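Numbering of ligands and ligand atoms starts at 1, following listing order. Bear in mind that the values here come from a model prediction, so they are computed numbers and not experimental data.
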Amino acid sequence: MTTVIVVGAQWGDEGKGKIIDFLASRASMVVRCQGGSNAGHTVVWQGNTYKLHLVPSGILYKDAVNVIANGVVVDIPCLLQELGLLEEQGVSVASLRLSLRAHMILPYHYSMDELQEQIKGVNKIGTTKRGIGPAYADKASRCGIRVADLFDWPYFEEKLRFNMREKNHLLRSYGQEELAVEPVLEEYRHLRERIRPFVAETATLINAAVESGQKVLFEGAQGALLDIDHGTYPYVTSSQPVAGGVCTGAGVGPTKIGKVVGIAKAYTTRVGDGPFPTELFDEQGERIRQAGMEFGTTTGRPRRCGWFDVPAARYSAMVNGMTDLVVTKLDIFDGFEEIKICTAYEYEGRLLHDFPADLRVLQQCRPVYETMAGWSGSVGQCRAYEELPLPARAYLERLEQLAATPVAMVAVGSERQQTIIRREIF
Ligand code: GDP
Ligand code: IMO
Ligand code: MG
């Protein structure tokens, strides 16, 4: 089958953008299915860096159609700004298609995100404050506003006025500043004309491409451990980053899916709050953060860093039905004398091999480590698996054995060509 889902196997920022960009040279279509501008996917090509939030990471290929499907929550001003920046960088954005069924993030979703985090205080999620949770909440409450609604102006206006009355009531009750409706109406009256050329019934487009045997890549955002069902709830995002989310988020049936490729860093990072059993608070953690430049693509926040977590990776492989694993950022371990892998957790004197559902248990889990030898040279110039130093290969082979998923590709740098194929994905 010629469809491949690429998902984050950890807590996001695994290098999905880089891998999608690499694989997209062989694809006819790249589809974003969930999340919104909370995502920050980085593509580096010929020394230029492209930071993508809503635009799919296949945009550098002018022959690939890039689709923002129904499951994404779309911040239209943010999307247009991103398109403008890409054009300034000489990238054609004509291939973009935006689902008429996608829900929009509106200014009040930002206010609600901010307010909800404030109210939670020390229990805050540490969201990206891009209005993601409130937009998905409105979608589930059936008061969301979709892209299609922009093209039925009286309907849009009525819904917007109704929603803003409600949100302003809430803002007022918490002593916050209210939002004025008229400027929002005015802004969106203009925005809808700028967005009109891109809108489409994307499920129809995607299914037609699949039916005609074209290669279609589904680009996950966030990661399995941030999934609203399978992640470390409530410290999660509000969508379904796992592979299953692609079916609802793009409108393709499960029978149409070929492979599921999970992207994992050679270590683990997390931004925002929530449990993270292998987090390092010492100089090793700082060394990873500095070497890996682990600062958020969307918010600039320092990412929390730790060793590779096998119970989490195995769980992620299971809930995604992962067929292949891609390990990124192997180069960050250049010069490390030793590298640790968390093979299990210790909880109340017992060994746990599975990733626990209960957050209180997870918070008290202590990682059990296995130590592997590091390597002295640099892997950044390696282009074939056999060129990697033996300890690096031993590390990757131990990861695939423990995670019970074959390593199909390895990334050894941020540039497109710093990628090693071990077994073809498509
Ligand atoms: P995404 O959200 O999963 O697309 O990942 P991000 O773009 O947020 O974060 C990954 C960061 O690591 C980006 O700055 C990438 O350019 C960079 N990156 C990806 N793969 C590699 C790699 O193998 N080595 C190095 N050094 N950097 C990488
Ligand atoms: P990409 O696609 C890493 C995290 C936030 C926070 C939680 C909820 O670049 O991998 P939200 O704004 O979604 O309500 O925040 O999820 N988060 C991410 N962490 N990478 C991302 O995206 C993320 N998107 C959201 O930091 O902990
Ligand atoms: Mg990111």
* Asked: side-chain contact (heavy atoms from CB on, under 4.5 Å) between T42 and K18: does it pass, once the steps are laid out?
  -> CA-CA 6 Å; T42 316; K18 180 203 149 109; over 6 Å; no
Is [X] close to ligand 1, meaning an N/O of one under 3.5 Å from an N/O of the other?
X	answer
V44	no
T328	no
L330	no

Where is the nearest protein heavy atom to [atom]: which residue, which atom, and how far?
atom	value
atom 15 (O) of ligand 2	T127 CA, 3.4 Å
atom 23 (C) of ligand 2	Q222 CG, 3.6 Å
atom 7 (O) of ligand 1	T42 OG1, 2.6 Å
atom 13 (O) of ligand 2	T237 OG1, 2.6 Å
atom 10 (C) of ligand 1	D13 O, 3.7 Å
atom 4 (O) of ligand 1	G17 N, 2.8 Å
atom 5 (C) of ligand 2	G126 O, 3.6 Å
atom 20 (N) of ligand 2	D13 OD1, 3.1 Å
atom 16 (O) of ligand 1	S414 CB, 3.4 Å
atom 19 (N) of ligand 2	V271 CG2, 3.4 Å
atom 17 (N) of ligand 2	L226 CD1, 3.8 Å

* With rounding to the nearest 0.5 Å, note down the distance linking CZ in R270 to OG1 in T268. => 11.0 Å
* Starting at CD1 of I132, measure out to CG of D113 and round the result to the nearest 0.5 Å. => 7.5 Å
* To do: Give the atoms of ligand 1, by number and element, whose distance to some non-hydrogen atom of H41 is under 4.0 Å.
  => 1 (P), 2 (O), 4 (O), 7 (O)
* To do: Take Y267 and Q284 through the side-chain contact (heavy atoms from CB on, under 4.5 Å) test and state the conclusion after the steps.
  => CA-CA 12 Å; Y267 45 92; Q284 289 283 49; over 6 Å; no
Geometric N/O contact [X] with ligand 2, under 3.5 angstrom:
X	result
D273	no
V236	no
E14	no
A221	no
T128	yes

* Structure fact -> Heavy atoms of Y188 and P77 approach each other most closely as OH-CD, 3.4 Å
Taking only Lys NZ, Arg NE, NH1 and NH2, and the carboxylate oxygens of Asp or Glu, determine whether [X] and [Y] approach each other closer than 4.0 Å.
X	Y	value
R172	E178	yes
K167	E114	no
D75	R130	no

* Asked: Which ligand 2 atoms, with their elements, are less than 4.0 angstrom from a heavy-atom of W11?
  -> 3 (C), 19 (N)
* Pull out every atom of ligand 2 sitting under 4.0 Å from any heavy atom of A39, numbered as shown with elements. => 1 (P), 2 (O), 9 (O), 22 (O)
Can you tell me which portion of [X] lies within the under-4.0 Å heavy-atom range of ligand 1? Options are side chain, backbone, both, or neither.
X	value
R303	side chain
D331	side chain
K18	side chain
I332	side chain

With heavy atoms under 4.0 Å as the rule, classify the contact between [X] and ligand 2 as side chain, backbone, both or neither.
X	value
Y235	neither
R301	side chain
K16	side chain

* Structure fact -> Of all the N, O or S atoms in D13, the one nearest to the Mg ion (ligand 3) is OD1
* To do: Examine R26 relative to F426 and say whether NZ or CZ is less than 6.0 Å from the centre of the six-membered ring and inside a 45° cone about the ring axis.
  => no
* To do: Check whether any heavy atom of G40 sits under 4.0 Å from an atom of ligand 1.
  => yes
* ligand 1 contact by G8, heavy-atom criterion under 4.0 angstrom -> no
Is it the case that the side chain of [X] and the backbone of [Y] share a donor-acceptor pair, with hydrogens and angles ignored and the cut-off at 3.5 Å?
X	Y	result
N38	G36	yes
S141	C143	no
N163	E166	no

* Asked: For atom 2 (O) of ligand 2, which candidate among H41, Q34, E219 provides the closest heavy atom?
  -> H41
* Taking atom 11 (C) of ligand 1 as the point of reference, which of K329, M293, Q418 owns the nearest heavy atom? -> K329
* To do: Could you tell me if any non-hydrogen atom of R130 lies under 4.0 Å from any atom of ligand 2?
  => no
* Determine, using heavy atoms of G223 and all atoms of ligand 2, whether some pair is separated by less than 4.0 Å. => no
* With a cut-off of 2.8 Å, does any N, O or S atom of A39 fall short of it relative to the Mg ion (ligand 3)? -> no
* Consider only side-chain N and O atoms of Q290 and E286, and report whether a donor and an acceptor are under 3.5 Å apart. => yes
* **Atom CG of D229 with >12 non-hydrogen neighbours under 6.0 angstrom** => yes
* Stepwise side-chain contact (heavy atoms from CB on, under 4.5 Å) test for N66 and Y61 -> CA-CA 9 Å; N66 283 271; Y61 299 93; over 6 Å; no
* Asked: Would you call the rings of Y395 and W375 parallel, tilted or perpendicular if under 30° counts as parallel and over 60° as perpendicular?
  -> tilted
* Plane angle bin for F355 and Y345 - parallel if under 30°, tilted between 30 and 60°, otherwise perpendicular -> tilted
* Structure fact -> Exactly one candidate in R289, R303, R304 meets salt bridge (Lys or Arg N to Asp or Glu O under 4.0 Å) with E279; the answer is R304
* CA sep, side-chain torsions, deciding dist, call: E219, S57, side-chain hydrogen bond (donor to acceptor under 3.5 Å, both in side chains) -> CA-CA 8 Å; E219 176 176 0; S57 301; 2.6 Å; yes
* Evaluate the side-chain contact (heavy atoms from CB on, under 4.5 Å) criterion for residues L54 and S37: first the C-alpha distance (whole Å), next the side-chain angles of each, then the deciding distance (0.1 Å), finally the verdict. => CA-CA 5 Å; L54 281 160; S37 48; 4.1 Å; yes
* Validation row: L98, T202 side chains within 4.5 angstrom (heavy atoms) -> no
